[in-house]
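As the structure is a prediction and not an experimental result, all values here were calculated from the model. Lettering follows sequence order; numbering is per chain, from 1.
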Amino acid sequence: MRTPAGIGASWRREMERQAEKLFHCVHCGFCLPVCPTYLRLGDEADSPRGRLHLMRAVVEGRLGTDSGSFQEHLDLCLGCRACESVCPSGVEYGRLLEGARQAAASARPPSFLARLLARVMATPALAVPLLGAARLLRATGLPDLLARRLPAEGRWGVVRLGLGMLAATAPPDLSPGETLYGSSRPPSCEGSGTGPGPGEGGIGQGRRVALFRGCVQNGLLGHVNRATRRVLEANGFEVVEVPGQGCCGAIHAHMGDLAGARGLARRNLEAFDGAGLALGGATGAGWGAALPQHAHWWDGGGPRGGARGGGGGGGLGERARRFSERVRDVSEVLAETGLRRGGSLPLSVTYDAPCHLLHAQGIAWEPLRLLGSIPDLDLVPLPGAEECCGGAGLYALTHPDMGRRIGEDKARAVLETGAAVVATGNPGCMMQIGAWLRMTEARVAVAHPVELLDESYRRGGIYGG
Amino acid sequence: MGDGSLAWEDAVERGDLRRILGGELSPEALRPPGESVRWGVAGRLPEAVVMPESVDEASRVLALAHRHGWRVHPAGRGTWLRGGGPRIPADVILSTARLQGIQDYEPADFVASVWGGTSLGDLSETLAPQNQWLPLDPPGGRRGSVGAMVALGVGGGLRHGFGGPKDLVLGLTVVAGDGRVLRWGGKVMKNVAGFDMTRLMVGSWGELGWVAAVTFRLFPSPAQDTTLLVSAPRAEDLLAAVRLAAALPVPLAAVELLDPFPWEPGPGEGGAALVLRFLGSPGQVRATESRLRNALPTARGPHVPQLRLLEGRESRELHGVLEDWEEGGELILRAALLPTRLGELLTEARRLARLPGGAEPPPRLALAAHAAQGVLRIRVNGLPEDPQGLGVWAQALGEWRSRLAQRGGSLTAMLGPERLFDSFSPWEPPGPEARLVEGVRRLLDPGAIFPRRRTGA
Amino acid sequence: MNSAGPISPSLPPPLPEEVLADLRRAVGPRWVITDPDHLLVYEADAQTGHRGLPQAVVLPASTQEAAAVFGCLHGHGIPVIPRGAGTGLAGGAVALQGGVVVSTARMNRILELDPDNRRAVVQPGVSNSRLSAAAAAFGLHYPPDPSSQTACTLGGNVATNAGGPHCLKYGVTGRYVTGLKVVLADGEVMHLGGAGREGSLFDFVGLFVGSEGCFGLAAEIEVVLAPTPEGACTLLALFDTLESAGKAVTEILKAGLLPAALEIVDRNTILAVEASAYAAGYPTHAGAALVVEFDGYPEGLEEEVVQAEERCRAAGAWEVRRARTPEERAALWKGRKKAFGAMGRLAPDLVVQDATVPRSRLPEVLARIDGIARHHRLRIANVFHAGDGNLHPNIVFDRRDADETRRVEEAAREIMELCVAVGGTITGEHGVGLEKREYMPLVFSPGELEVLRGVKRVFDPAGLCNPGKVLPPSQEGRGGPGEGAPDEAVGGGRLPGLGGRGGEG
């Protein structure tokens, strides 16, 4: 029994409460071949089964939370949850991981960079001006240039990656240029809006949707939020602004800072609850996965489990659950109701599934359906689309080596499809894939699926332009 | 290894053997009636041909032989005794000829256990009324014993569709070189208990034990037995058709290439033929035929292949003839390379007929390939009889073997004249695995009473 | 493991520094694991009932590196335990007496893919599915398909001579391995067999397949690939009783039909699956469900399928569903393939048994297994490869209940004895490993076991390769250091004959 007292012990009690879930793991190893770190390292300890085994050893008192191996191998996990999709026993790996990371963090705090970024994101007074400055920097075109020029090795690697990520947030060039027609064919002359127009009786039947803006997304990918709004309205939804919303806390939970995550979640609950909405719409898979988890940040049960108010959240657990049940990804919202057909967008597009959309929320076909509805869009399958891109929140920055290996593999797979655009529905993935495409000198645009639909609507004259 | 003939003179030992077998022991007395098999090995008759009637008798004979150091040659019905030289003279031939019949057959299990001396033909007759069969067609076919077939481990064309004896033997009872009775495998389809001794025994040429009984995996008799003959002047003209046939999405039962084609009436004009056999449900057989008919014309070489379809009895008859293909050959060689290099095998084999300094008239070659496996059998008749002429052959074969080995291939002689083998070993000498070879021999034949052909010892 | 969890292997002594230095030189320091906390994850394979901590884990990337590792360990008399993906269900990759686990996880390259000769050469860490996926571009596939095929490695398949549902028609691993480059216990690299060769001396390739790592490491594996059938049709037939499902199997085969697969799940399994998240739509009032699959040319399948349907109905099937598209087929297979995961939710622990009996004895054996279950007040669910007579009786239980655990052990042994008594064997595809060692005398005489020990000595005279596996401890204490291992050896703990939970092989 080398477990230190304090949070480690309380986490152990928490894990013991969840022991049955942990023990659901039958050790079959089906998760190994889908785990990005195991695939690249081959070490059992860097596989989901191995990490669960380590967690279990802690629960059994055979390992301390301060164990270097426990720390290191849990830390190297991307949290992509691909393992959950293939687990025959339904082990809730993602939740167990968050708990374990909380324990690990109590024994050894996360890196300075991670804590700094988490702090900034959680503090609008810092985040807003910083992101504004980043936009200005992006506009100079310098990040794009430097990402392609700076050396890949050594201390410049992280800087290069950061600049690449920043450059990747620029609005994609979907204009009819060399990637489209190879000529100066005039835009928006094709197709026309079909199906019902906006308003009552339309596709969305006037349902109200509140957009979750996200912090990075709002700061750097505002064009995605604007496109989402246009597309939803074009489909007859009423989009409501929710003031007072902020960071979703996913990054904090990832780092093992559950208390910080709870605080942020509480702020969002209050903001959205007050708005009394029918539906919460998310355009980022990361927080789309995090928002439904708000519930268990307060209690030990799942979103449908009983509220036990473990963390002193009291009634917040129940509110969180009600809120969780209403959260949808934007592709889900549109796929549920069906959508209007836009104008021709003759682009070759490949789709990379964000892990937190596919594995955490089980949303596989909705984005494909959204893309498939766009006239003349050529959807090229991406081999390994279900594998993580290596972005994983702050992972690419905090684990530059592994993040790079995974990112380069993803960029290579995208290039091999020959597609002009890679679509993916999460800011982290857009930034990671965009950065590595830049750093491999590739000229492939990165776009949110909604942006492509938006462009199609624009060309189809649905926005009346 | 003791001097067998001396030991054999010992009346006490003769008495021991008699007590085990309870009968006369002269070779004549023990020769099975009505069969004109030659029991001579290496030009010498053994002191005795012993034919035990039970596993227990065989065990006691081998224990005795082990004690006295007699050289024992395991045998079945004598059909294949000439094979596998160089032959080592034997003191005793231990034959399964009187250990015959079905031991256990449960049709619902698709499994049959038979005594080692049972002929493949007899086994087939037992199985046929139950609509079952054993898809094995070794050279020499139905006359040979199942024990010998397993010891040789050789299959025929059907290996393409069903695998060879290794894949169809589920279990074995063998008697080791000191009389231990060992049962490997079992009567079930899947069995991974212990190491796979069955596979080691199959194809070990009786060097690791005497095969007393065999359990086979059986198959439902095919509803349809159809053969498509594709003919052309020479085997080389049919290589494109071979590639096509081997790549069909549903494997054929056999893909055999023969030059010259040995069956009358022949397939049409031309001397060579590709024999494509397909077995199975009428629907699958029809589909296979139509695929082949559509695809084969695209596989044309310099000659347009001619097609002829044989069904049912005609097809079976042809395959009976093919089983006897090795009969009457003076020298039978098996050369192998990867399947796509079959053309090289054909070219190189044909050179044997025109060896510089070779005999006049040149020896006659016949070629038969398990084409999809890249295995070419070469039957040679009219070999030179003088030592010099044989020497030329031995040298040429030795060189060919090393050239094949460089390409990952092999060359073995299944049968041939004694004097050829003085300077050309029918088997490849063991490479680095010699230590394993010696190890398993010591384990299963500690007194070294069985022949050790492959090291010539 | 909770309160009653007996399993916490003690820490074996660390390796001498000079050995570690040699190992690090051989594979690079990053790939030699010695931290005791880290080693914990290597204490078990998919059968967590058997545990033991290795002294180190080494991950070589090439044959050369593996040979250097084996050579080094042999020189110091240290046992070596080969390990693939750790999906084995018999404890075959557990370090029973300390020693060094050599993981093939980094030896994961397809070295050669030769579609024209329908063959491939792979490193042992390549997963079964990955080889088939790579071959698919050429219309080929690798036929043996263990249920763990996405994870399990070809090296592991070679070690256990793995099977799978489609082995009924296509045969098991042994039929497809044509050549091996092996690293023997002393580090010697030996090339055995080869696809272009005929008439090898003895079939050491065949002997090596299924040797469960006791002879050495298969460092390069040459396999033949098979053309992928163009079409397939799957039937799901529902019966009131297991017996009538068994009868349908016999009738289908007697009719001369050779399906690609014939699989049965029993009522307990159906109930478990339908109660789980994997509900496959099997009616819960069915006593047994039979999955029949035919493959071949699509236009030629109809008559076989119709005949099989007729036979099923004649045997008492009250419903036969038919699936042709990949999606429909996947749906029919779901109840069969997800059975183990579903059962994993019934109780904390599960024993996956594996035995083969003659097909005609299936109904009787199943009835008697039911009797054993009732006698011991246990819940047993059956899933099996009916065409092969390969049974997987699964016993769900709670290890924390000592009395129930004891009853499970007794029932497991009785099932083994029953299967052997009717002419069957103790393992059809999972292997012996540690799990079935004690049952080996049920199927082998002392003399035969002595020969098996001798064969191991031929490959591994010092007894350092995966010691203590497959062979039961010899009474006379003969053999090298690898044999005669006591049940409670250094660093090892086990529940006799009692597996942990796991997927299916």
For the pair B:Asn191 and C:Val443, evaluate side-chain contact (heavy atoms from CB on, under 4.5 Å) and give the outcome as yes or no after the intermediate values. CA-CA 11 Å; B:Asn191 186 350; C:Val443 283; over 6 Å; no

Choice from [options] maximising heavy atom contacts with chain B below 4.5 Å:
options	value
C:Gly424, C:Pro358, C:Gly256	C:Pro358
C:Arg119, C:Met440, C:Glu230	C:Glu230
C:Phe138, C:Phe204, C:Phe444	C:Phe204
C:Gly210, C:Gly194, C:Ala195, C:Gly296	C:Gly296
C:Thr228, C:Leu192, C:Asp295, C:Ile426	C:Thr228

Using every non-hydrogen atom in the two residues, find where [X] and [Y] come nearest and quote the distance to one decimal.
X	Y	result
C:Pro227	B:Ala247	CB-O, 4.4 Å
C:Arg197	B:Gly408	CG-O, 3.2 Å
B:Pro432	C:Glu188	CB-OE2, 4.1 Å

[X], part contacting chain C, at a heavy-atom distance under 4.5 Å:
X	answer
B:Phe110	both
B:Leu436	both
B:Arg291	side chain
B:Leu208	side chain
B:Pro107	neither
B:Val285	neither
B:Thr288	both

Taking every non-hydrogen pair under 4.5 Å, which of [options] racks up the most with chain C?
options	answer
B:Arg334, B:Lys166, B:Met201	B:Lys166
B:Val202, B:Leu337, B:Thr412	B:Leu337
B:Ala287, B:Gly153, B:Ala335, B:Pro251	B:Ala287
B:Ala246, B:Pro222, B:Ala434	B:Ala246
B:Arg435, B:Gln130, B:Arg217	B:Arg435
B:Val111, B:Val154, B:Leu248	B:Leu248

Measuring heavy-atom distances to chain B, does [X] have an atom under 4.5 Å in its side chain, in its backbone, in both, or in neither?
X	result
C:Glu299	side chain
C:Glu212	side chain
C:Asn390	side chain
C:Leu257	backbone
C:Val224	neither
C:Thr250	side chain
C:Phe459	both
C:Val249	neither
C:Gln307	neither
C:Val455	both

Quick check: does any side chain N or O of [X] sit under 3.5 Å from a backbone N or O of [Y], one acting as donor and the other as acceptor?
X	Y	value
C:Thr427	B:Ala193	no
C:Asn117	B:Thr340	yes
C:Glu448	B:Leu182	no
B:Arg180	C:Val451	no

Would you mind reporting whether [Y] and [X] have side-chain heavy atoms less than 4.5 Å apart?
X	Y	result
C:Leu207	B:Leu200	yes
B:Pro220	C:Lys254	no
C:Phe202	B:Glu433	no

Strictly less than 4.5 Å between heavy atoms, which residues of residues 166-176 of chain C line up against chain B? Please order them by number. C:Cys167, C:Leu168, C:Val172, C:Gly174, C:Arg175

Would you check, one step at a time, whether the test side-chain contact (heavy atoms from CB on, under 4.5 Å) holds for C:Val209 with B:Asp196? CA-CA 7 Å; C:Val209 174; B:Asp196 198 345; over 6 Å; no

Interatomic distance, B:Ser281 atom OG to C:Leu301 atom CG [nearest 0.5 angstrom]: 8.0 Å

What's the spacing between C:Leu452 CG and B:Leu443 CG if we round to 0.5 Å? 9.0 Å

Which is it for C:Glu198 and B:Arg159 under the salt bridge (Lys or Arg N to Asp or Glu O under 4.0 Å) test, yes or no, and what are the steps along the way? CA-CA 13 Å; C:Glu198 278 271 296; B:Arg159 59 188 267 177; 2.8 Å; yes

Do we see a donor-acceptor contact under 3.5 Å between the side chains of B:Glu106 and C:Ser360? no

By salt bridge (charged side-chain N to carboxylate O under 4.0 Å, His left out), C:Asp116 pairs with (sequence neighbours left out) none

Sub-6.0 Å ring centroid separation between C:Phe208 and B:Phe195: no

Kindly determine whether B:Asp109 and C:Arg359 satisfy salt bridge (Lys or Arg N to Asp or Glu O under 4.0 Å), including the steps that lead there. CA-CA 5 Å; B:Asp109 291 341; C:Arg359 199 159 36 209; 5.4 Å; no

